[in-house]
Structure formats: structure tokens, C-alpha cells
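Here is the structure we will look at.
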There are 2 protein chains.
Amino acid sequence: MDEAAGRTRTERLAAEIAEAIVTGALAPGHRLDEQALADQYGVSRTPVREALRQLGTSGLVEVRPRRGAVVAQVTPAQLAELFVAMAEIEATCARLAAQSMSPLERRRLDALHEVMADLAATGDAGAYARANTTFHGAVYAGAHNAVLADFALSLRRRLQPYREAQFRQDGRLARSHAEHGAVVAAILAGRAEEAHAAMLRHVTLVESAVEGMLVRGA
Amino acid sequence: MDEAAGRTRTERLAAEIAEAIVTGALAPGHRLDEQALADQYGVSRTPVREALRQLGTSGLVEVRPRRGAVVAQVTPAQLAELFVAMAEIEATCARLAAQSMSPLERRRLDALHEVMADLAATGDAGAYARANTTFHGAVYAGAHNAVLADFALSLRRRLQPYREAQFRQDGRLARSHAEHGAVVAAILAGRAEEAHAAMLRHVTLVESAVEGMLVRGA
DNA sequence: GCATCGGAAATTGCATGCAACATGGAAAGA
DNA sequence: TCTTTCCATGTTGCATGCAATTTCCGATGC
């Protein structure tokens, strides 16, 4: 009867709460009252508790024993560490991808990059952001390492609210696409170290864009 | 009255079950019956369920909806991916450590390395393994990035049963110490790329040692 | 003999209830 | 007026109970 059958309530709850957090519907520091969430979603406290614990281990919420759960607060210092970690892991994926992507995977990455050129030109930030997710996902997949891909995806989700905003900065789309170009060229040519450096630079520049916005107060 | 006061039953359970898994008391593929675990630890099913979910997100156990939990099985392919991921992340930590370790941290790393020389010479595999954990922990800490350190620690725990066994191979202690030597020299000298390469090589050699043992059937 | 089907037992998912702890505020003392 | 103590209230941690699903095992048909 439910649209999302097969999965348990706990799973659906975890997904919905996570979605609410990364989209900003639940602000950092917001108290996550078990009973309130249970009422809101029409379930009992038990699946809510299990969902919150799950989100706790993934870092999205902070669960303090006997003191309830809150949406994880990220201090500027922690935000910087998250970006550095993401940059390093994505760069590692890019290096591995340059070494081990199949010809088909390389062609697809190249094709995707060309599509994104149009999106960047027309300035459709939403469409570009979605394609961007696909692009980075293709690099993770090309590394042929599920563990690193998982880490990268998890970091990407946690940083999504911050990354998303920076796409609305003037000219950021074009610069992002140019940075991608360096990554793609290195991967296609199989130049591993260059791919690493290009991706590291790209994500570091994203971090700079985000920091610039935060300083200006967003 | 309890020895481990302050923490909740769920936390203690998660720690104990994790310990039982990494020490091998619970073999991979072993069924984790909620009621049985509850009886065994003298609690109800609720904290057991929460602990299992927590271990599920960290990868130690596999929870299949409505079908119970089992100790995570690692196929040889997954094992290889775990080792590659650990090698890459540890190498990244080593590179960052070479760039940003404080003088005090560098001195301590060097001192620890010298202590381990004696342990390797006397052939005390247990003591060497413990010191080894401290050594790698010092490198994570030196990277000054809690996110990467967490990832590295999590991988280290998951691979512990495999890494531990290889220390009993003949001559592995001396070779391990020599490999550490290259890492320490590069970090102390601040040669970042060299530290990266040395650590990558070290962990990759550990993987080779483990694979060699598995092929011979352990 | 092998595969398929059906029912009983076992096990999980979830709801509910109760006790322990944390939090906030009023009352008492300095 | 400020601090401290105590109590009321709310919230979490955990136990228990029930319904739904899965799994196991034997019977039936081919």
C-alpha cells in the first residue's frame, strides 16, 4: 500500500530525516525529540530511535547519551576538516580512476563533461548541480573501490548544503567546469598524479568559494 | 555498581560485540540472533537491536531487513578493496603529517620508532602489534584531520584479524620495521610525497603478506 | 527421486509501558 | 539580590508483548 514497500519504517525514517537535514529543513543544532518525530511521521518511538542512532554513526546527527539527539553542528574548523578529507579522498579516487577506468567509462566521463559545458553556459545552477553529482559519482565508480566510493559519497552528502549554495555565485559554474576539464583530461590520458592534483585543486577551490560565502555571512 | 557506568547498555553491547568480532570469537557469517545475544548479555532485545544497527552502519555486521544480522563476510575481492582503501587513506595521512606535524609530534614519532626496533629484534609479536597500533595512530593524529583519522581507524579495526596474523610470519617484524623507517624518515624531513609513497608501499606489503597467508589456507 | 506447495515454528519489526535520569523553576538560605 | 537545594516535569533507556514476515519441514504431486 505504501509507495516505498519492502523497506522497513526505520530505513524510510532514516532516509527522510537525512533528507530533511541535508536540504536544510532541519537546521544544525535543532533538537530531535523522539516523541515529536514519532508523532510527525505517524510511528512509535522505537523506529525513530533506531533511525537516529543510524544517522548518529554516519555523522549527520549527534546523539548524546540520555540527553537526546540534535542535528550535528559543524564548527568552521570541522567544516574545513571535512572539506580537506573530501578533497583528499576524491583526489585519490581520481588517481585510481586514471589508472583503472575502462575505455567505456572514460568515454562516458568525457561525454558527461561535454553535456555539462552546455549547462554551465546556460547558467542553470540546479541542472548543473545534479549533473555535477553524476560527474563525481562517475569518478568514484571509476576508481573501482566501493570502500573509498562510500566514504566519498558520505562526505559529499554531509557537505551538500554548503556545496549547493556556492553554485549560485557569479561565474562559479564556468570555473567549476574548467576545473573539471583538467580532471577529465588527466584521467582520459591516464596521467594519475595529474588527475590527483587537478581534483585536489578543484575541491579545494570549492572550499574557498564556500568559505568566502560564510565570511560574508550566509 | 557496574564497572562501566555512565555509558548505556547499547554502547557497551556494541563495544563487546565488536570486540568479539575483531578478535575472531564471532566468525564471519555467524548468525547474530537477537534473543540469543540478549540472553547471553542479560538484557532485553531492544539494546541488542540498537547495537546491531550501529555495527551495521560501521560495516562490521550485515543487517538484512527482516532476515536478521550476520557477522559481515568479506570476500577476497572486498578484502582487497579494504586494503587498498586503507593504504590510500593512511598514505594521505602520512603526506599531511609530513606537512603539518609539530616538532613535538615528530620527536615522539621518532622515539616510538626506536622503541619498536627493540621489539622487532626480540621478536615479541604481541608487543610489536600493540606498538604498531600506536605508531599508525600517531601518524593519523599528525595529519590533524579528525575525519580522515576516523576513516583510517575504522578500516584498521575491520582489518585487524587479518593484519594481526601476518605478524607471526617469519621475518615480517623486521621488514615491517624497515618499512616504517622509510615512512618516519620522510615525515621527519617533511618530504610529503615520499611519505605518501612509503606508507602506500608499507600497507600494500602488509596486504601481500596477508594474501600470501590466505592462499596457503589460514 | 525431485520439485512444489502448505502450514507451523521461529524471528524480526514495531508499539506500548515503566523506571531512571536530566532539565527547569520555585523556595529557602546567605 | 544571588546562590543553592529540592521537587515537578519531561525525556530517554530499556523491557515486554503482539503482529507480520521469514524460514523450516514434511506432504503431495509429477
Task: Exercise: identify the closest heavy-atom pair between Leu60(B) and Ala18(B) - done: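 Residues Leu60(B) and Ala18(B), closest heavy atoms: CD1-CB, 3.8 Å.
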
Task: Under the side chain to side chain contact (heavy atoms under 4.5 Å, CB included) test, residues paired with Ala146(B) that sit two or more places apart - done: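 Result, side chain to side chain contact (heavy atoms under 4.5 Å, CB included) vs Ala146(B): Glu81(A).
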
- [ ] For Glu16(B), enumerate each residue passing the side chain to side chain contact (heavy atoms under 4.5 Å, CB included) test, keeping only those at least two apart in sequence or located in another chain.
- [x] Tyr41(B)

[X]: which residues meet the salt bridge (charged side-chain N to carboxylate O under 4.0 Å, His left out) condition with it, sequence neighbours left out?
X	result
Arg53(B)	Glu50(A)
Arg156(B)	Glu90(B)
Glu34(A)	Arg45(A), Arg49(A)

Open item on the list: Going by side-chain hydrogen bond (donor to acceptor under 3.5 Å, both in side chains), name the residues that satisfy it together with Tyr128(A), two or more places apart in sequence or in a different chain.
Closed with: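 By the side-chain hydrogen bond (donor to acceptor under 3.5 Å, both in side chains) rule, Tyr128(A) matches Ser176(A).
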
Task: Residue list, side-chain hydrogen bond (donor to acceptor under 3.5 Å, both in side chains) with Asn132(A), at least two apart or on another chain - done: His136(A), His180(A)

Open item on the list: Quick test of your reading: applying side-chain hydrogen bond (donor to acceptor under 3.5 Å, both in side chains), list the pairs with at least one residue in residues 158-169 of chain B, sequence neighbours left out, ordered by first then second residue.
Closed with: Gln166(B)-Arg172(B)

Task: Nucleic acid contacts of residues 43-55 of chain A, taken as heavy-atom distances under 4.0 Å to DNA chain C - done: Val43(A), Ser44(A), Arg45(A), Thr46(A), Pro47(A)

Open item on the list: Protein within reach of the bases, or only the backbone? For nucleotides 5-11 of chain C, mark each nucleotide 5' to 3' as B, S or -, using heavy atoms under 4.0 Å.
Closed with: ------S

Task: Outermost DNA chain D nucleotides near chain A [under 4.0 Å, heavy atoms] - done: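 Listed 5' to 3', the contact boundaries are dT11(D) to dG13(D).
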
- [ ] Check the distance between dT12(C)'s P and Glu62(B)'s CD and give it to me in whole angstrom.
- [x] 14 Å

Solution key, residues 68-78 of chain A side-chain donor-acceptor pairs under 3.5 Å, sequence neighbours excluded:
from: Thr75(A); atom 1: OG1; to: Gln78(A); atom 2: N; distance (Å): 3.1
from: Gln78(A); atom 1: OE1; to: Thr75(A); atom 2: N; distance (Å): 3.1

